[in-house]
Amino acid sequence: MKFRDELRPRGGLVRAREFTMKDAYSFDRDNGGLDRSYDAMLDAYHRIFRRVGLPYHVADSSGEGIGGWDTREFVSVCDTGETSYLHCQACDYHATPEVAVLAKTETREPDDPMQPVEPVETPGQRTIEQVTAFLGVSAERLVKTLIYTADGRVVAALVRGDRELSEDKLKIVLGVKELVMGDRETIERVSGAPVGFAGPVGIKEAEIIADEELRGERNFVTGGNGADLHLRNVNWDRDFEVSRWAQLRSAVPGDPCARCGAPLTGYQGIELAHIFKLGTKYSEPLEAIYLDDAGHRKPIVMGCYGIGTTRTMAAVAEHFRDDAGLLWPVAVAPFEVEVILVNQDDHQQRELAEGIYRDLQTAGLDALLEDRPERPGVKFKDADLIGVPGQVVVGRLAGEGKVEVRRRGGDGETVAAGEAVAAVRRLLEKNVSRRFSPSE
RNA sequence: CGGGGCGUAGCUCAGCUUGGCUAGAGCGCGCGGUUCGGGACCGCGAGGUCGGCAGUUCAAAUCUGCCCGCCCCGACCA
């Protein structure tokens with residue numbers, strides 16, 4: 001059980017303040033051992049989700065602040081999911097926008113001539129939306145200057161106005177452990193202006209790193225490093241020096257896949273599980289040490305693996321339901337079979353139902369007995385709503401010692417009461433065998 | 001924290017724009033009867049500080065102000 005003080009819980013079970021999750025760590029003596037543990041866990045997770053029967057994908061993702069590598073998420077596709085993913089239909093690459101690597105775009109030199117830099121007054125216009133509206137230019141013509149503190153030094157990251165910077169990519173390019181947005185004080189110091197007017201021209205103390213996409217841009221608009229000031233017709237090289245070019249922007253649908261160049265498409269999903277390699281990031285500071293064959297003290301090499309149990313139930317509800325209610329996959333159903341006593345006042349029916357209920361339990365099945373004093377219709381509707389996969393109906397055929405065994409919502413077969421347990425077993429096996437391929 | 005919406009019977013909601021009938025419906029609940037394998041039917045009945053406080057008015061569920069609670073969007077985020 002886990003608790004988290006979410007500012008705003010949402011999406012029902014997907015993001016609540018209280019939830020359950022399965023958490024696991026592996027401890028190895030070296031990276032080779034870690035790789036084996038990780039691969040075993042990856043395989044186990046595949047088997048878990050195949051058994052549940054949920055359609056899912058495995059996507060490259062980031063450590064979300066924990067740090068690590070070989071970070072992968074198990075994702076259930078779902079329009080109500082809270083996370084965006086990108087997919088290449090040509091080569092089946094899945095990744096989050098922050099980490100999705102893009103094929104190098106052709107960077108041809110822009111051929112229009114450079115115009116002289118022109119300062120423009122932009123009183124109070126700080127955001128991209130405000131500046132584009134004020135100057136009457138599209139966001140692609142703007143260049144955003146984002147000030148970061150990376151392991152203590154200041155960096156100015158440049159991306160096109162209509163793009164999002166990927167902190168994951170920036171962190172990797174810089175090779176730093178800690179990357180945080182510059183605070184107000186830092187921004188004002190290096191830009192010499194209030195927050196919202198930073199630009200690359202004349203910026204102090206900051207290394208300028210630019211998204212490779214900007215190579216093809218000319219005469220763009222940037223912050224003017226002065227209060228209420230922007231600059232038109234800014235050009236790299238002529239007006240400021242780029243110390244490094246790199247792919248910094250988050251991917252969006254339509255961008256080319258790094259593996260095969262085909263356009264990526266986007267989808268929403270629920271993050272079901274997350275695995276990654278931690279290495280010695282925590283074992284070193286915590287002094288989780290072992291002695292190797294030679295008697296040397298070495299930090300344990302760790303891996304981290306989690307499954308969001310509660311939100312997996314949310315994904316199950318999204319995928320396994322019909323107009324009448326839920327259809328639990330057997331692997332995660334709260335009960336495997338429900339015995340429906342149609343007329344609780346009929347002694348013959350009652351005895352038969354209670355007998356089968358006990359037999360099912362004796363046989364090791366999770367059984368539920370519906371014997372409330374309700375009308376038959378109510379019981380059938382509720383049984384379908386709850387969605388227990390197996391149903392045994394004990395009703396008008398009880399006098400002949402017969403009952404009906406069926407899958408929730410499906411056609412039934414009439415069997416002798418003594419055959420009921422075996423019939424339920426067969427039925428549940430069939431249900432278990434329902435599988436989806438990971439790429440479905 | 002910013003934006004939007006909603007608080008009326010146990011539940012879901014109508015009524016509010018344009019103030020005025022005894023504040024309504026469906027479901028649920030109680031009693032009587034019929035029915036009894038896919039959320040039955042008939043009859044009778046109980047059930048309300050209209051979220052709270054204050055104001056305007058001859059008169060407030062309805063208009064105004066403040067407060068409280070819940071939901072949605074955003075910011076944020078192992």
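Each chain gets a letter, A, B and so on, in the order its sequence line appears, and its residues count up from 1.
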Is A:R375 near enough to B:A40 that one of its side-chain N or O atoms lies under 4.0 angstrom from OP1 or OP2?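 True: A:R375 side-chain N/O within range (under 4.0 Å) of B:A40 OP1/OP2.
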Interatomic distance where [atom1] belongs to [X] and [atom2] belongs to [N] [whole Å]:
{"X": "A:Q349", "N": "B:C36", "atom1": "CD", "atom2": "P", "result": "13 Å"}
{"X": "A:D23", "N": "B:A78", "atom1": "CG", "atom2": "C1'", "result": "9 Å"}
{"X": "A:I270", "N": "B:A78", "atom1": "CD1", "atom2": "P", "result": "19 Å"}
{"X": "A:K402", "N": "B:G37", "atom1": "NZ", "atom2": "P", "result": "19 Å"}
{"X": "A:E370", "N": "B:G37", "atom1": "CD", "atom2": "P", "result": "14 Å"}
{"X": "A:D323", "N": "B:G39", "atom1": "CG", "atom2": "P", "result": "16 Å"}
{"X": "A:K381", "N": "B:G38", "atom1": "NZ", "atom2": "P", "result": "10 Å"}
{"X": "A:F19", "N": "B:A78", "atom1": "CZ", "atom2": "C1'", "result": "8 Å"}

Whole-Å [atom1] distance, [N] and [M]:
{"N": "B:C68", "M": "B:C53", "atom1": "C1'", "answer": "10 Å"}
{"N": "B:C27", "M": "B:A40", "atom1": "C1'", "answer": "14 Å"}
{"N": "B:G20", "M": "B:A59", "atom1": "P", "answer": "14 Å"}
{"N": "B:A60", "M": "B:U18", "atom1": "C1'", "answer": "14 Å"}

Among [options], which is the nearest nucleotide to the side chain of [X]?
{"X": "A:E404", "options": "B:G39, B:G38, B:G37", "value": "B:G37"}
{"X": "A:D382", "options": "B:G38, B:G39, B:A78", "value": "B:G39"}
{"X": "A:L385", "options": "B:G37, B:G39, B:A78", "value": "B:G39"}
{"X": "A:K2", "options": "B:A78, B:G38, B:C36", "value": "B:A78"}

Where is the tightest heavy-atom contact between A:Y93 and A:A100, given as atom of each residue plus distance?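 For A:Y93 versus A:A100, the nearest heavy atoms are OH-CA, 3.6 Å.
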Using 4.0 Å as the upper bound for N to carboxylate O, is an ion pair formed by [Y] and [X]?
{"X": "A:K171", "Y": "A:D151", "result": "no"}
{"X": "A:D382", "Y": "A:R372", "result": "yes"}
{"X": "A:E374", "Y": "A:K379", "result": "no"}

Using a 4.0 Å heavy-atom cut-off across all strands, classify A:R406 as base, sugar-phosphate, or nothing.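 Result for A:R406 = base.
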Using a heavy-atom cut-off of under 4.0 Å over every strand shown, decide if A:D384 touches base, sugar-phosphate, or nothing.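 The residue A:D384 makes base contact.
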With a 3.5 Å cut-off and heavy atoms only, can you find an N or O donor on one side and an acceptor on the other between the side chain of A:N343 and the base of B:G37?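 Flag unset: no donor-acceptor pair detected.
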Can you tell me whether the side chain of A:R396 and the base of B:G38 have a donor-acceptor pair closer than 3.5 Å?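 Looking at the base of B:G38, it does not pair with any donor or acceptor on the side chain of A:R396 (distance under 3.5 Å).
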Only one of A:N31, A:D28, A:D70 passes side-chain hydrogen bond (donor to acceptor under 3.5 Å, both in side chains) with A:K277; say which it is.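 Going through the options one by one, the only one that passes is A:D70.
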